[in-house]
Amino acid sequence: MSDNIQTITVLSKTTWTPNLFSFTVSRPDSFKFTAGQFVRLGVNPSQLKYYQQQTEANGKASDAALNEDVFRAYSIVSSPFDEVLEFFSIVIPDGAFTSQLQHLEVGDELLLNTMPFGFLTLARYQKPLPKDLWLLATGTGLAPFLSMLQDLQTWEDYEHIILAYSARSLEELAYIEKIESLQEDFGSLVDHPAKLIFIPIVTREPVEGALTERLPKLLLEGTLQERAGIALDIDSTHVMLCGNPDMVEDTKEALKTLGLVMNRRGEGNIAVENYW
């Protein structure tokens, strides 16, 4: 096993919907990361309690339990300063990784590559200087933004933080209670905190207080900016995108149409993560 690979233990699991769940794991003492980064998690399905129990009950190994390590990239939900690591996952029915990971139970062991990856971090912004931060997410793309919003530096550096979080249904809007407590739990710890503006978006059913269109359309029509009460400005806006690849691509193009530019070598407005 590589020196970068460490064994971690599942500490808790939260099921949001049949296809969405979160889990926490132990954090190796030496592991460090920056809010917004992702890691590679590994699972050997045959070692999960679920499949071991099936094997005991059936007297033979389950056909679904691969006896090999499978790794996938996962953004970290938790703060860089938390004692545990948290992850947010979708279940892809035929996925070699998530179709197995959905059977996680407390006490199961996973593998963690302790080399963090990714440049969806606030440190990438050198120009324009921080003022308004837009965090645009669909589904599990919320994860890196929750990490950023649990880092006090984020609250210190910006005046406004707009979190627009889109899901197909109300039940798929995970972490709502956590989002609604962020201002008090973290903003209150700094002298002049940013103001957090949370905009929920539900695209496949009417929900009171939520917008209903896809993010690109909401931006191009000005609906998102109107709800936030904040304009997009090439000289003061940082925008981060994470989630469904189609959303990321279409929203990126919408933002460029509105005059914003991609962030390259530290300059520009738009940052995206492409680990899907």
Euclidean distance, Ile234 CD1 relative to Leu255 CG, rounded to 0.5 Å: 11.5 Å

Can you confirm whether Lys49 is buried at NZ, in the sense that more than 12 heavy atoms of other residues, nucleotides or ligands lie under 6.0 Å from that atom? yes

Would you check if Glu86 and Leu146 make a side-chain contact, meaning some heavy-atom pair closer than 4.5 Å? no

Tell me, with the steps shown, if Lys195 and Tyr158 meet side-chain contact (heavy atoms from CB on, under 4.5 Å). CA-CA 8 Å; Lys195 178 185 178 183; Tyr158 289 90; over 6 Å; no

Taking all atoms of both residues into account, what is the closest heavy-atom pair of Ser79 and Phe33, and its distance? O-CZ, 3.5 Å

Answer with yes or no whether the hydrophobic clustering places Leu232 together with Ile161; edges join I, L, V, M, F, W, Y residues whose side-chain heavy atoms lie under 4.5 Å apart. no

His238 and Pro128: which non-hydrogen atoms are nearest, and at how many Å? NE2-O, 2.6 Å

Under the 3.5 angstrom rule, does the side chain of Glu177 hit a backbone N or O of Ala174 as a donor-acceptor pair? no

Under 3.5 Å, side chain of Glu172 to main-chain N/O of Trp16, donor-acceptor pair present? no

Counting distance only, does the side-chain N/O of Ser236 pair as donor-acceptor with the main-chain N or O of Lys131 below 3.5 Å? no

Under a 3.5 Å cutoff, is there a donor and acceptor pairing between the side chains of Asp185 and Ser181? yes

Find the distance between CG (Leu142) and NZ (Lys178) and round it off to the nearest 0.5 Å. 10.5 Å

How about CE on Met115, more than 12 heavy atoms from neighbouring residues, nucleotides or ligands closer than 6.0 Å, or not? no

Where the side chain of Thr14 meets the backbone of Ser22, is there a donor-acceptor pair that is under 3.5 Å apart? no

Tell me if a side-chain donor or acceptor on Gln6 pairs with a main-chain N or O of Asn113 at a distance below 3.5 Å. no

Applying side-chain contact (heavy atoms from CB on, under 4.5 Å), run through Leu133 and His160 and close with a yes or a no. CA-CA 6 Å; Leu133 175 63; His160 303 98; over 6 Å; no

Are Phe145 and Leu219 co-members of a hydrophobic cluster defined by side-chain heavy atoms under 4.5 Å apart? no

Cluster link Val70 to Leu112, ILVMFWY, side chain under 4.5 Å: yes

Quiz question: by atom type and distance under 3.5 Å, do the side chains of Tyr74 and Thr140 form a donor-acceptor pair? no

When rounded to the nearest 0.5 Å, the distance separating CD of Glu213 from CG of Leu220 is 11.5 Å

Any link between Ile90 and Leu85 through a network of hydrophobic side chains (Ile, Leu, Val, Met, Phe, Trp, Tyr) touching at under 4.5 Å? no

Examine Val25 and Val84 and state if one hydrophobic cluster contains both, with Ile, Leu, Val, Met, Phe, Trp and Tyr joined whenever side-chain heavy atoms are less than 4.5 Å apart. no

Relative to each other, are the rings of Phe117 and Phe38 parallel, tilted or perpendicular (30° and 60° limits)? parallel

Check Asp151 against Phe81 and note the closest heavy-atom contact, atom names and distance. OD1-CE1, 3.9 Å

To the nearest 0.5 Å, how far apart are CG in Leu11 and CZ in Arg27? 13.0 Å

Got Val261 and Ile270 here, is their nearest side-chain heavy-atom distance under 4.5 Å? no

Nearest 0.5 Å please: distance from the OG atom of Ser166 over to the CG atom of Leu218. 8.0 Å

Is the cationic atom of Lys13 (NZ for Lys, CZ for Arg) positioned less than 6.0 Å from the six-membered ring centroid of Phe21 and within 45 degrees of its normal? yes

Pro80 versus Ser147, closest heavy-atom pair with distance: CD-OG, 4.0 Å

For a quick test of reading the model, state the closest non-hydrogen atom pair linking Ser46 to Gln52 and the distance between them. O-CG, 3.5 Å

List the steps, then state whether ring-ring contact (aromatic ring centres under 6.0 Å, His included) holds for Phe23 with Phe88. CA-CA 7 Å; Phe23 57 99; Phe88 185 21; over 10 Å; no

Under 3.5 Å: donor-acceptor pair, side chain of Thr114, backbone of Asn4: yes

Students often mix this up, so state it plainly: with edges at 30° and 60°, are the rings of His103 and Tyr51 parallel, tilted or perpendicular? perpendicular

Among Asp246, Thr138, Thr203, Asp250, which one satisfies side-chain hydrogen bond (donor to acceptor under 3.5 Å, both in side chains) with Arg214? Asp250

Once rounded to the nearest 0.5 Å, what's the spacing between atom CD1 of Ile199 and atom CG of Leu135? 11.0 Å

Within-4.5 Å side-chain heavy-atom neighbours: Ile8 and Glu109: no

If we only count heavy atoms from C-beta on, is the Ser78 to Glu83 side-chain gap below 4.5 Å? no

Does a side-chain heavy-atom distance below 4.5 Å link Met148 with Met240? yes

Would you please test Leu149 and Phe186 for side-chain contact (heavy atoms from CB on, under 4.5 Å) and show each step? CA-CA 8 Å; Leu149 290 169; Phe186 293 91; over 6 Å; no

Would you say the side-chain atoms of Thr17 and Asn19 include a donor-acceptor pair closer than 3.5 Å? no

Donor-acceptor pair between Asn263 and Asn269 side chains, under 3.5 angstrom: no

When you measure from the side chain of Tyr50 to the backbone N and O of Pro45, does any donor-acceptor pair fall under 3.5 Å? no

If you count every heavy atom of other residues, nucleotides or ligands that lies below 6.0 Å from Arg124 atom CZ, does the total exceed 12? yes

Decide yes or no for Thr212 and Ile201: does some side-chain heavy atom of the first lie under 4.5 Å from some side-chain heavy atom of the second? no

Counting C-beta onward and ignoring hydrogens, is there a side-chain heavy-atom pair between Leu196 and Leu163 closer than 4.5 Å? yes

Heavy atoms, side chains only, cut-off 4.5 Å: are Asp132 and Asp233 in contact? no

side-chain contact (heavy atoms from CB on, under 4.5 Å) assessment of Leu104 paired with Leu110: CA-CA 9 Å; Leu104 275 186; Leu110 299 175; 3.8 Å; yes

For atom CD of Glu105, decide whether the heavy atoms of other residues, nucleotides or ligands shown that lie under 6.0 angstrom number more than 12. yes

On a heavy-atom basis, the closest approach of Ala164 and Leu215 is CB-CD2, 4.1 Å

Checking side-chain hydrogen bond (donor to acceptor under 3.5 Å, both in side chains) for the pair Ser12/Thr24: CA distance, chi angles, key distance, verdict? CA-CA 5 Å; Ser12 70; Thr24 62; 2.5 Å; yes

